[in-house]
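Structure first, commentary second.
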Number of protein chains: 2
Amino acid sequence: MFSIGELSRRTGVKVPTIRYYEQMGLIAAEARTAGNQRRFSKQGLERLHFIRHGRDLGLPLETIRVLAGMDPTDHAEGHRIANAHLADIRDRIARLMRLEAELVRISTRCSGGTADGDTCSVLAAFGDHDQCDEDH
Amino acid sequence: MFSIGELSRRTGVKVPTIRYYEQMGLIAAEARTAGNQRRFSKQGLERLHFIRHGRDLGLPLETIRVLAGMDPTDHAEGHRIANAHLADIRDRIARLMRLEAELVRISTRCSGGTADGDTCSVLAAFGDHDQCDEDH
DNA sequence: TCTTGAAGCTCTAGGGACTAGAGGGAATAT
DNA sequence: ATATTCCCTCTAGTCCCTAGAGCTTCAAGA
């Protein structure tokens with residue numbers, strides 16, 4: 001049986017975060033000591049690893065709850081969630097890459113070498129959305 | 001002079017969000033009507049464009065506040081902020097791409113075609129952090 | 001056995017960037 | 001004059017934690 005601190009050390013999840021997960025119903029302490037302290041079994045440890053891993057992958061807690069409560073022989077559903085999330089991540093990458101390109105454009109345009117008294121073109125670019133590739 | 005709704009339509013920033021920005025001290029209505037409604041000038045419109053653009057670029061409101069209050073001839077500082085943010089975005093892209101690779105690995109390993117009664121390998125992979133490239 | 005210090009407990013509040021809803025008043029078009 | 005649309009403030013909720021106050025329990029050494 002592990003204490004909450006032990007669990008924290010073994011998973012890298014902070015103590016208050018574990019308590020928060022408990023409050024959200026994602027994990028439960030198997031037992032409490034006479035003095036009301038949480039004790040977790042190996043199962044709890046594994047479950048917390050599962051949660052942690054899901055979070056590292058960027059899954060919202062709600063999705064993790066669904067996965068954790070899933071029938072482990074239901075291939076289709078697990079697959080569907082993984083693929084949906086993959087699409088989401090690819091979308092985020094694409095958007096960030098557009099931002100990257102725009103920031104490079106903004107930043108290289110202002111070498112800082114223009115005459116004194118000029119408005120910095122970084123600042124100008126931030127104000128001028130029309131030069132931006134994005135469609136809003 | 002624009003009403004808040006007019007401003008919203010012209011910038012794509014939702015009305016409650018504009019009020020929120022005002023509350024946070026990022027923008028101020030130039031005037032109020034006799035009936036206490038906000039009226040914004042062209043300057044307000046430009047400022048909101050600036051905020052919007054910064055947010056689209058992923059800058060936190062605090063950074064936008066700094067940029068907006070900056071000396072417009074201070075090239076070095078504008079440059080520094082843009083570059084710092086660029087580094088941040090590149091970091092985020094790198095992390096997301098690692099996630100993408102791992103999700104692809106997880107998802108392709110489970111074709112859903114294994115025998116009935118097997119544990120779905122998507123689920124197994126989520127629980128097994130050791131197979132993951134990331135260092136935690 | 002006693003004592004100390006680390007670790008645990010609950011509860012509450014904060015953060016960032018909004019979003020939604022209630023319950024009203026103001027502007028505008030007919 | 002009225003109907004409709006807009007606007008007002010205020011409060012609370014979202015997500016995923018994080019931090020602090022104030023107190024209790026545990027484990028190890030003297």
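Just the heavy atoms: all of them, side chains too, but no hydrogens, waters or symmetry mates, feed the values below. A, B, ... follow the sequence lines: proteins, then strands. Residue 1 opens every chain.
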Check this for me: B:Gln43, atom CD, are more than 12 non-hydrogen atoms of other residues, nucleotides or ligands nearer than 6.0 Å?
no
With distance as the sole test, does B:Arg10 use its side chain to make a donor-acceptor pair with the main-chain N or O of B:Gly5 at under 3.5 Å?
no
So, does A:Tyr21 get its side chain near the phosphate of D:dC17, meaning an N or O under 4.0 Å from OP1 or OP2?
yes
Residue whose nearest DNA chain D nucleotide is more 5′ - B:Glu6 or A:Gly35
B:Glu6
Nearest-angstrom distance from the residue atom CD of B:Gln23 to P of D:dC8
13 Å
Distance, rounded to the nearest Å, where B:Met24 contributes CE and C:dG14 contributes C1'
13 Å
Between D:dC7 (C1') and B:Tyr20 (OH): distance, integer Å
21 Å
Between P of C:dC18 and CD of B:Glu22, the distance in whole Å
15 Å
How do A:Gln37 and B:Val15 order along DNA chain D: which one's closest nucleotide is nearer the 5' end?
B:Val15
When all nucleic acid strands are considered with a 4.0 Å heavy-atom cut-off, which category describes A:Arg9: base, sugar-phosphate, or nothing?
nothing
Mind calculating the distance between CD1 (A:Ile18) and P (D:dT18) to the nearest angstrom?
11 Å
Given C:dC18, is OP1 or OP2 found less than 4.0 Å from the side-chain N or O atoms of B:Thr17?
no
Whole-Å distance, B:Ile51 CD1 to C:dA17 C1', equals 13 Å
Less than 4.0 angstrom from a charged side-chain N to a carboxylate O is my criterion; do B:Arg39 and B:Glu30 meet it?
no
Which whole-number value in Å describes the distance from A:Asn36 CG to C:dT10 C1'?
9 Å
Name the nucleic acid region contacted by B:Arg38, choosing base, sugar-phosphate or nothing; use a 4.0 angstrom heavy-atom cut-off, strictly under.
sugar-phosphate
Taking all heavy atoms of A:Ile51 and all of A:Ile64, pick out the closest pair and write down the distance.
O-CD1, 3.6 Å
Between A:Arg32 and D:dT25, does any side-chain N or O lie under 4.0 Å from OP1 or OP2?
no
Mapping B:Leu61 and B:Thr33 to their closest nucleotides on DNA chain C, which lands nearer the 5' end?
B:Leu61
If the threshold is 4.0 Å, N to carboxylate O, is there a salt bridge linking A:Arg19 and A:Glu22?
no
Remember a base hit wins even if backbone is also touched, and classify A:Arg55 as base, sugar-phosphate or nothing at under 4.0 Å, heavy atoms.
sugar-phosphate
Can you check whether B:Arg19 has a side-chain N or O nearer than 4.0 Å to OP1 or OP2 of D:dT9?
no
Take the protein atom NZ of B:Lys14 and the nucleotide atom C1' of C:dA17, then report the distance between them rounded to whole Å.
12 Å
